[in-house]
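Just follow the structure's listing: the first ligand is 1, and inside any ligand the first atom is 1. The first residue of the sequence shown is numbered 1, and numbering continues consecutively from there.
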Amino acid sequence: MQNGPASSARMRAIRIEDYGGPEVLRRVEMAIPEPGPGEVLVRVACAGVNFMDVHTRQGKYRESRTYAVRAPCTLGMEGAGEIVRVGPRVDGLRLGERVAWCISWGAYADYAVVPQGRLARVPREIPDDLAAAVIFQGSTAQYLVDDVAHLRPGDTCLVHAAAGGIGQILVQLAKGRGVTVYATASSEDKADIARRAGADLALPYADGGFADRIREATQGRGVDVVFDAVGRSTLRDSFRCTRTRGLVVNYGSVSGSIADLDPYELGEAGSLFLTRPRLADYLADSATVQRRADEIFGRLLDGSLRVAVARHYGFDEIEQAHAALEERRQLGKSVLIVA
Ligand SMILES: NC(=O)c1ccc[n+]([C@@H]2O[C@H](COP(=O)([O-])OP(=O)(O)OC[C@H]3O[C@@H](n4cnc5c(N)ncnc54)[C@H](OP(=O)(O)O)[C@@H]3O)[C@@H](O)[C@H]2O)c1
């Protein structure tokens, strides 16, 4: 045992025993977990509040192979804090280091055990709430732009839900790479957020009418890449505004999934490529985790990326935080203050 809490100490946690609506969220007292080989114990300062938490609570990942999270469990797959205990076979991390992580569950608690391979060091100038707010959405936007879409100067792309957390970062990273960025959002206010993030043209979704507008704006060619996290309500129209042999990146399904998609449709739409990538498959090792985080933290510090924490929730307000996401009222990213 190194420093950190006594082994008999207990902590607060927000858990689910079974899947369901906000009523299954339970605030409990429980033993502080022990880090195993290759793991550290972090005193959590802030946890990010994400759609993935809502999906985990609802049971969407109950059979997922990529995300091995099953009820009963402590929610929260993103956070920032300080290392207070180091398990066996952990290299190069010290007690007291400030770290952030994602795709490791248990952040809605005073302490979380996190595998070394998921941790990124946080620069001194980045506060805990901002680190917890950006590590997941920022790493996601970063791998989508560079390792899925391979965006280059002169490319064109369309970002749906561009006022959302990942949407706003995608717009900014794509612009930073010299790309012409088209955007959609559900209202004029949200389209304005996308414009302020740098979108060259921002449109309401308006029943798929965006596809004609994008074709017009690209002189009938269509864009090189569409980033579509909306899913059922937009995906087929996304095919209509992608250029021949272009790429559709369906990285989320906030409006639901299309159950009856026939690959023939991709041929008809112009020999399109369709991918459903997941961040977990693009975080192979510590170096990759740190590289993605370093670009996001670096851009926040040099001002080329702007992310504001939209709302801070207390430990007793998690139900409101989930409801704001589900009811589409959340503008930007919220965090749960733990410490
Ligand atoms: N594949 C990956 O690696 C990966 C990684 C992280 C997250 N994700 C997924 O990416 C998606 C977006 O995540 P985020 O963190 O950016 O979320 P977010 O900040 O809450 O933004 C989601 C946006 O989706 C739009 N939306 C459209 N239909 C919606 C509906 N029925 N309900 C709620 N929102 C709806 C909303 O914008 P409008 O109101 O303008 O439509 C909202 O701003 C989620 O599905 C998440 O699970 C995927």
Taking only residues at least two apart or on different chains, which pairs with a member in residues 278-290 satisfy salt bridge (charged side-chain N to carboxylate O under 4.0 Å, His left out)?
none
contact_flag Tyr205 ligand 1 heavy-atom lt 4.0 Å
yes
Hey, which atoms in ligand 1 end up nearer than 4.0 Å to a heavy atom of Arg276?
1 (N)
Show the atoms of ligand 1 that are less than 4.0 angstrom away from any heavy atom in Ala185.
40 (O)
So which heavy atom in the protein is nearest atom 31 (N) of ligand 1, and how far is it from that ligand atom?
Val254 O, 3.4 Å
Taking only heavy atoms of Gln137, which atoms of ligand 1 are found under 4.0 Å from at least one of them?
14 (P), 15 (O), 16 (O), 19 (O)
Between Lys190, Glu327, Arg328, flag the one that comes closest to atom 32 (N) of ligand 1 by a heavy atom.
Arg328
Atom 11 (C) of ligand 1 [closest protein heavy-atom partner, distance rounded to 0.1 Å]
Ala229 CB, 3.8 Å
Residues which pass salt bridge (Lys or Arg N to Asp or Glu O under 4.0 Å) with Arg195, listed by chain and number, not counting sequence neighbours
Glu188, Asp192
For atom 10 (O) of ligand 1, what's the nearest protein heavy atom and its distance?
Tyr251 CE1, 3.6 Å
Looking at non-hydrogen atoms alone, which of Phe136, Phe227, Phe51 comes nearest to atom 46 (C) of ligand 1?
Phe51
Atoms in ligand 1 with a heavy atom of Gly164 nearer than 4.0 Å
19 (O), 21 (O), 43 (O)
Let me see the working for Leu173 and Arg299 under side-chain contact (heavy atoms from CB on, under 4.5 Å), right down to the final yes or no.
CA-CA 9 Å; Leu173 293 189; Arg299 285 183 176 277; 3.6 Å; yes
Any ion pair linking Arg292 and Asp147 (charged N to carboxylate O, less than 4.0 Å)?
yes
With a cut-off of 4.0 Å, which atoms of ligand 1 are near a heavy atom of Tyr143?
1 (N), 2 (C), 3 (O)
Kindly identify the option in Ser255, Ser186, Gly256 whose heavy atom sits closest to atom 40 (O) of ligand 1.
Ser186
If every non-hydrogen atom of Val338 is compared with every non-hydrogen atom of Ala109, which pair is closest and at what distance?
CG1-O, 3.2 Å
For Gly165, the atoms of ligand 1 under 4.0 Å from one of its heavy atoms are 16 (O), 18 (P), 19 (O), 21 (O)
Decide, yes or no, whether a salt bridge links Asp237 with Arg240 under the criterion of side-chain N to carboxylate O below 4.0 Å.
yes
Show me which atoms of ligand 1 lie under 4.0 Å from any heavy atom of Leu279.
2 (C), 3 (O)
Regarding Ser271 and Arg245, is there a side-chain donor-to-acceptor distance under 3.5 Å anywhere?
no
For Phe297 and Val134, run side-chain contact (heavy atoms from CB on, under 4.5 Å): C-alpha distance rounded to whole Å, both residues' side-chain angles, the deciding distance at 0.1 Å, then the answer.
CA-CA 8 Å; Phe297 293 145; Val134 298; 3.8 Å; yes
Name the closest protein heavy atom to atom 13 (O) of ligand 1, giving the residue it belongs to and the distance to 0.1 Å.
Ile166 CD1, 3.7 Å
Between Gln116 and Asp91: side-chain donor-acceptor atoms closer than 3.5 Å:
no
Under 4.0 Å from a heavy atom of Ala161: give me the atoms of ligand 1 that qualify, with their elements.
23 (C), 24 (O), 25 (C)
Side chain, backbone, both or neither: Ser187 near ligand 1, heavy atoms under 4.0 Å
neither
Between Arg221 and Asp224, is there a side-chain N and carboxylate O pair less than 4.0 Å apart?
yes
Quick one: are the ring centres of Phe210 and His160 less than 6.0 Å apart?
yes
